[in-house]
Amino acid sequence: MRTSRILPAAALAICSLAPLRAATALPCRPPENGWRVALPWLMYVNCGSFIDQLDTAGSLFVGRGRLRTPVAGVEVQVKAFGTRAAWLELRLAKDGSRFSLESGKDYEIDLAPDGQATVVKDGKKVPGPFDRMTVEFSTRPVARLEAPVFLKRGIEVEVRSNLAVRSFDPNEPVFTEIGLLKDATVLPSTSRSPGTVITECMVAASCPEPEPKQGSPATYGIVIVDLTEDVLRDATAQVSITGLRDLFGKPLKAEGKISLGGVPKTKDEANYYLKLSHQAGPGAKPGWVADIKFAPGGGVTRIHGFYLKPQVTIDAGQGTIDTAKTN
């Protein structure tokens, strides 16, 4: 006699699907040039807004986009730089030791590559998981020139680099104006850094790491070049500044055009001024008046931080012009 066995419905496997949480973007949107490399193993990223806490890991790649390749074994430790900070601090390590970036290369770092991070913003914890965030940066030794600042004592040109700058002597950087025929004119200048500079022992890790001035990594890579003679030949000048080195010790390339403003509108604003008036009429003696100003830039002299600039003014003429009498 054949019998059949019927399984109870309770024995059937029933699968239930739990809703998946969509990934959240990290609250970090770096602005243009919103990163700084302070030491070969230490860099900072500006998030564009204040964050109470952001702890995560990262992966390092050399190259960009589809051409990038992972740097095997390198771990990136990411945390907010201070309490309620706009900057992230990224430290590179491999096998428990510092890992140094190389000069002259393009890099990418993926933050939260596994979607895991601890984030607190505006006093509230942000739930995960998180989208991977990619930060692009470069160790190429380049800098940019900001618009010049005009002061009563002269002209200041600001050099900015995303790489920290090695310490330098005030007279070491050289300011050069490049003419239309590629002729170079070296102009007297002194330089200083209002920000944080790097020494050789810091790069060699034989002395303490630098503390960003004013508590901000934005102070890395800033140099002020102070022209001691305002003798630029063109209103829009092609200039080059040499003699600076980046944190790797490589010469920092800083060149570009700077605009010195529009045409002077008054006699006081101009270095050279000439006004010639002439009047004559029936039965009247002809008269003329010359108003001349000559203030060459090449004669500027700096003494104890003050600038002495010679100026010659001439008011001459003969006869009568309207109501003005001259001899």
Side-chain angles (χ1 to χ4, degrees), residues 12-102 105-140 161-164 209 212 215-221:
L12 298 177
I14 300 176
C15 297
S16 62
L17 296 177
L20 298 177
R21 179 187 293 273
T24 303
L26 289 171
C28 190
R29 292 292 179 270
E32 185 179 4
N33 294 311
W35 53 271
R36 299 290 185 274
V37 179
L39 291 169
W41 59 87
L42 173 64
M43 68 173 295
Y44 300 89
V45 175
N46 189 328
C47 278
S49 62
F50 292 108
I51 297 175
D52 300 318
Q53 181 183 359
L54 197 159
D55 296 321
T56 188
S59 302
L60 178 66
F61 299 83
V62 61
R64 296 278 177 83
R66 290 179 295 179
L67 299 179
R68 72 178 192 173
T69 57
V71 183
V74 174
E75 300 176 350
V76 183
Q77 298 178 338
V78 184
K79 67 176 183 178
F81 180 68
T83 304
R84 188 162 175 75
W87 289 83
L88 299 179
E89 178 186 278
L90 286 68
R91 291 183 175 272
L92 282 64
K94 183 176 182 180
D95 299 328
S97 301
R98 299 182 184 92
F99 177 83
S100 295
L101 299 168
E102 297 181 29
K105 291 190 175 183
D106 295 325
Y107 288 97
E108 288 185 350
I109 292 180
D110 283 352
L111 305 185
D114 57 358
Q116 301 301 307
T118 301
V119 181
V120 178
K121 184 173 175 62
D122 298 328
K124 298 179 181 179
K125 185 173 181 179
V126 181
F130 295 93
D131 285 327
R132 179 186 65 190
M133 173 183 160
T134 300
V135 177
E136 297 181 351
F137 66 100
S138 174
T139 56
R140 298 182 187 277
S161 174
N162 290 69
L163 306 181
E209 294 181 357
S216 174
T219 60
Y220 285 106

Minimum heavy-atom distance [X]-[Y], with the two atoms named:
| X | Y | value |
| --- | --- | --- |
| Pro27 | Ser49 | O-OG, 3.9 Å |
| Ala164 | Ala38 | CB-O, 3.6 Å |
| Asp131 | Ala25 | OD2-N, 4.0 Å |

Nearest 0.5 Å, please: how far is [atom2] in [Y] from [atom1] in [X]?
| X | Y | atom1 | atom2 | answer |
| --- | --- | --- | --- | --- |
| Leu39 | Arg91 | CG | CZ | 8.0 Å |
| Thr56 | Phe130 | OG1 | CZ | 8.5 Å |
| Lys125 | Asp52 | NZ | CG | 13.0 Å |
| Ile109 | Glu136 | CD1 | CD | 11.5 Å |
| Asn33 | Asn162 | CG | CG | 4.5 Å |

Listed once per pair and sorted, the side chain to side chain donor-acceptor pair (under 3.5 Å) pairs that draw on residues 36-48, sequence neighbours left out
Trp41-Glu209

Less than 4.5 Å apart, side chain to side chain, heavy atoms only: is that true for [X] and [Y]?
| X | Y | result |
| --- | --- | --- |
| Leu42 | Arg98 | no |
| Glu89 | Pro217 | no |
| Asp122 | Phe50 | no |
| Val126 | Val120 | no |
| Pro30 | Trp35 | no |
| Leu111 | Leu90 | yes |

Which residue pairs pass the disulfide bond (SG atoms under 2.5 Å apart) test when at least one of the two sits in residues 35-90, sequence neighbours left out?
Cys28-Cys47

Name all residues meeting the side chain to side chain donor-acceptor pair (under 3.5 Å) criterion together with [X]; count only those two or more places apart in sequence or in a different chain, and write none if there are none.
| X | result |
| --- | --- |
| Thr219 | Thr196 |
| Asp106 | Ser138, Arg140 |
| Ser100 | none |

With a cut-off of 3.5 Å and sequence neighbours excluded, list every side-chain donor-acceptor pair involving residues 65-86.
residue: Arg68; atom: NH1; partner: Glu108; partner atom: OE1; Å: 2.8
residue: Arg68; atom: NH1; partner: Asp110; partner atom: OD1; Å: 3.1
residue: Arg68; atom: NH1; partner: Asp110; partner atom: OD2; Å: 3.4
residue: Arg68; atom: NH2; partner: Asp110; partner atom: OD2; Å: 2.8

Between the main-chain N or O of Thr118 and the side-chain N or O of Asp55, is there a donor-acceptor pair closer than 3.5 Å?
no

side-chain contact (heavy atoms from CB on, under 4.5 Å) involving Asp114 - partner list, sequence neighbours excluded:
Gln116

Residues that Lys105 engages under salt bridge (Lys or Arg N to Asp or Glu O under 4.0 Å), provided they are two or more places apart:
Glu102

Do any pairs count as a ring-ring contact (aromatic ring centres under 6.0 Å, His included) and have a residue in residues 58-80, sequence neighbours left out, and if so which ones?
none

Under the ring-ring contact (aromatic ring centres under 6.0 Å, His included) definition, can you give me all pairs with a residue in residues 106-128, not counting sequence neighbours?
Tyr107-Phe137

